[in-house]
Amino acid sequence: MAPFIATTSAPVNIACIKYWGKRDTKLILPTNSSLSVTLDQDHLRSTTTSRADPSFKEDRLWLNGVEENIKSGGRMATCISEMKRMRKELVEDVDASAPKLSTFSVHIASYNNFPTAAGLASSASGFAALTASLAALYALPSPPTTLSLIARQGSGSACRSLLGGFVAWNAGELASGLDSNAVQVAPESHWPDIHALICVVSDTKKGTSSTSGMQRTVETSALLQHRIKHCVPQRMADISAAILARDFDRFAEITMADSNQFHAVCLDTAPPIFYMNDVSRAIIAVIEEYNRVALLPENGGKRKAAYTYDAGPNAVIYAPAANIKEIISLIIHYFPQQDAFKDPFGLFGTAGVGSGALVSGFNESVAKTWEAGAVKGLIHTRVGGGPRVLGPEESLLGDNGLPLKTV
Ligand SMILES: Nc1ncnc2c1ncn2[C@@H]1O[C@H](COP(=O)(O)OP(=O)(O)OP(=O)(O)O)[C@@H](O)[C@H]1O
Ligand SMILES: C[C@@](O)(CCOP(=O)(O)OP(=O)(O)O)CC(=O)O
């Protein structure tokens, strides 16, 4: 009999309207809706293989080749048991001939092709890949929005990685969480021109995790309550409209305002939380100056880039594809690179990135020139699609049910 096995990959997403705060910590129900851009899996992805077999004694999971402890009642265990419940209810209970996979233990191997737990949203792509691979293994007929309810219980932001393009996570109102799901605002094909430049300022584990940080904010910040009630609802409507109209200027204005407000509520937390550092702030100064020049009537009067920061110092700069070459040159001018820029879109040809001339009218003194390595690396990617089901040649589990790939 052929083994019961499936492999999928899932993308990272980076929010423009930030999720920060839970109203239910067990079900992971947020205090506000959020919206993100799904990034292309050609560059950043989690790949996960799941296998069910009657000979397996317990559920086991290996992350990047190292076995993780699946804590009973923990997030990983919840996602696995919820997926088994769906297999039973949606497949086995309606088709008596369907193999009883829900009664078998699973072995799961996952691999991230970028640093884990370093503020690059590995928990988002990781739990999305876990959910998608179990959905493929169990042949669930469920659409991504339904699966997002399960990924959400692994890590809130993971629910948005079940869909490609531009994705909203509705906060929902029900205590059950059944209306707290991810929906696509627009597919990647609607606005493929949106590119992203990730400036890796640090790839080490952060001091305050998102989970504990946001809980402290909920408990202590009055500003968070203002944000939830008076800012986010309008921003969600406005940025959705900007996406549908492909209005980058408005998209950028809202994205930067929301990133800054998210870091303001972190500062309003007691004790305060600082995720950005001096390098992060210098990148903000450079992009703000770039936009000041772009906003001049003689230059077209529209913003050309948008920065956003999650719970760490790394910047993600969204911009239309045509501006990315200029932005990379600008960033490299202030933050010289130790390693040559990997140029996946071939923007710079064989000559490579030049010395980085500034755009005309740019006030060079907005930031100092940093020592090489202040920005450790640049990743150029773009908006992309949702999880992909991969062929058996991509499997991460061997015939013996143990991981093939170690890192
Ligand atoms: N491929 C994966 N499969 C399953 N779980 C994963 C995977 N990758 C990451 N995780 C889980 O996510 C955790 C890391 O989440 P954490 O929030 O600390 O970092 P991050 O997601 O990289 O950063 P941030 O959420 O701030 O962007 C890991 O310890 C692991 O439990
Ligand atoms: C700043 C953020 O990236 C916070 C992400 O928080 P997580 O989804 O990592 O938190 P948990 O639900 O506790 O796992 C903003 C966002 O992605 O919307």
Side-chain angles (χ1 to χ4, degrees), residues 13-24 28-39 121 124 143-146 148-149 152 156-174 177-194 196 214 217-218 221-266 268 291 295 301-310 316-320 383 386:
N13 73 78
I14 300 292
C16 298
I17 306 295
K18 304 295 185 189
Y19 148 54
W20 197 251
K22 296 181 182 69
R23 61 188 163 88
D24 183 319
I28 311 199
L29 302 178
T31 48
N32 62 262
S33 295
S34 56
L35 185 143
S36 56
V37 178
T38 297
L39 300 183
T145 291
T146 305
S148 77
L149 297 170
R152 190 201 72 221
S157 52
C159 73
R160 299 185 307 240
S161 279
L162 262 307
L163 292 134
F166 303 83
V167 182
W169 172 13
N170 300 313
E173 287 170 1
L174 301 174
L178 287 173
D179 57 350
S180 186
N181 55 18
V183 294
Q184 194 174 55
V185 173
E188 61 279 17
S189 58
H190 166 75
W191 205 6
D193 194 36
I194 293 296
M214 69 173 77
T217 304
V218 168
S221 168
L223 186 57
L224 180 72
Q225 298 310 318
H226 174 78
R227 164 175 168 73
I228 293 166
K229 284 191 202 74
H230 301 293
C231 303
V232 171
Q234 191 63 49
R235 281 184 186 160
M236 285 294 293
D238 291 349
I239 201 165
S240 300
I243 290 165
L244 293 176
R246 298 188 196 91
D247 179 349
F248 184 78
D249 179 57
R250 189 81 180 109
F251 171 89
E253 183 182 15
I254 299 168
T255 296
M256 293 186 286
D258 203 74
S259 173
N260 290 332
Q261 189 179 67
F262 155 51
H263 290 277
V265 302
C266 289
D268 191 49
N291 280 335
L295 280 165
K302 290 189 188 311
R303 292 169 186 80
K304 289 171 71 177
Y307 55 77
T308 186
Y309 296 78
D310 278 351
V316 175
I317 301 170
Y318 286 123
V383 62

Next on the checklist: Could you tell me if the side chain of Lys18 sits less than 4.5 Å from the side chain of Val265, heavy atoms only?
Outcome noted: no
Item to check | Full working for side chain to side chain contact (heavy atoms under 4.5 Å, CB included) between Ile194 and Glu188 | outcome: CA-CA 9 Å; Ile194 293 296; Glu188 61 279 17; over 6 Å; no
Next on the checklist: Nearest 0.5 angstrom please: Asp179 CG to Leu174 CG, how far?
Outcome noted: 3.5 Å
Item to check | Pairing residues for Ala124 by the side chain to side chain contact (heavy atoms under 4.5 Å, CB included) criterion, not counting sequence neighbours | outcome: Asn13, Ala121, Ser157, Ser161
Checklist entry - So, Ser240 side chain and Met236 main chain: donor-acceptor pair closer than 3.5 Å or not? => result yes
Checklist outcome for this item: Taken to the nearest 0.5 Å, the spacing of Leu35 CG from Tyr19 OH works out to 15.5 Å
Checklist entry - Is Lys22 atom NZ crowded by more than 12 heavy atoms from other residues, nucleotides or ligands, each under 6.0 Å away? => result yes
Next on the checklist: Between Val383 and Phe166, is there a side-chain heavy-atom distance shorter than 4.5 Å?
Outcome noted: yes
Next on the checklist: Is there a side-chain contact between Asp268 and Leu224 in this structure, where contact means two heavy atoms from C-beta onward sitting under 4.5 Å apart?
Outcome noted: no
Checklist outcome for this item: Which of Ser180, Ser36, Ser33, Ser34 passes side-chain hydrogen bond (donor to acceptor under 3.5 Å, both in side chains) with Trp169? It is Ser180
Item to check | Close side-chain approach of Asn170 and Asn181, heavy atoms under 4.5 Å | outcome: yes
Next on the checklist: Just to verify, what does Arg250 make a salt bridge (Lys or Arg N to Asp or Glu O under 4.0 Å) with, not counting sequence neighbours?
Outcome noted: Asp238, Glu253
Item to check | Gap separating the CG atom of Leu39 from the CD1 atom of Ile14, nearest 0.5 angstrom | outcome: 6.0 Å
Checklist entry - So does Asp258 pair up with Arg227, basic N to acidic O under 4.0 Å? => result yes
Checklist entry - Is any side-chain heavy atom of Leu149 closer than 4.5 Å to a side-chain heavy atom of Arg152? => result yes
Item to check | Any donor-acceptor pair under 3.5 Å from His190 side chain to Val185 backbone | outcome: no
Item to check | Least distance between heavy atoms, Phe251 atom then Tyr318 atom | outcome: CE2-CB, 4.1 Å
Next on the checklist: Is there a side-chain contact between Leu163 and Val183 in this structure, where contact means two heavy atoms from C-beta onward sitting under 4.5 Å apart?
Outcome noted: no
Item to check | Nearest heavy-atom neighbours spanning His263 and Asp310 | outcome: CE1-O, 3.2 Å
Checklist entry - Can you tell me how far the CG atom of Leu29 sits from the CD atom of Glu173, to the nearest 0.5 Å? => result 12.0 Å
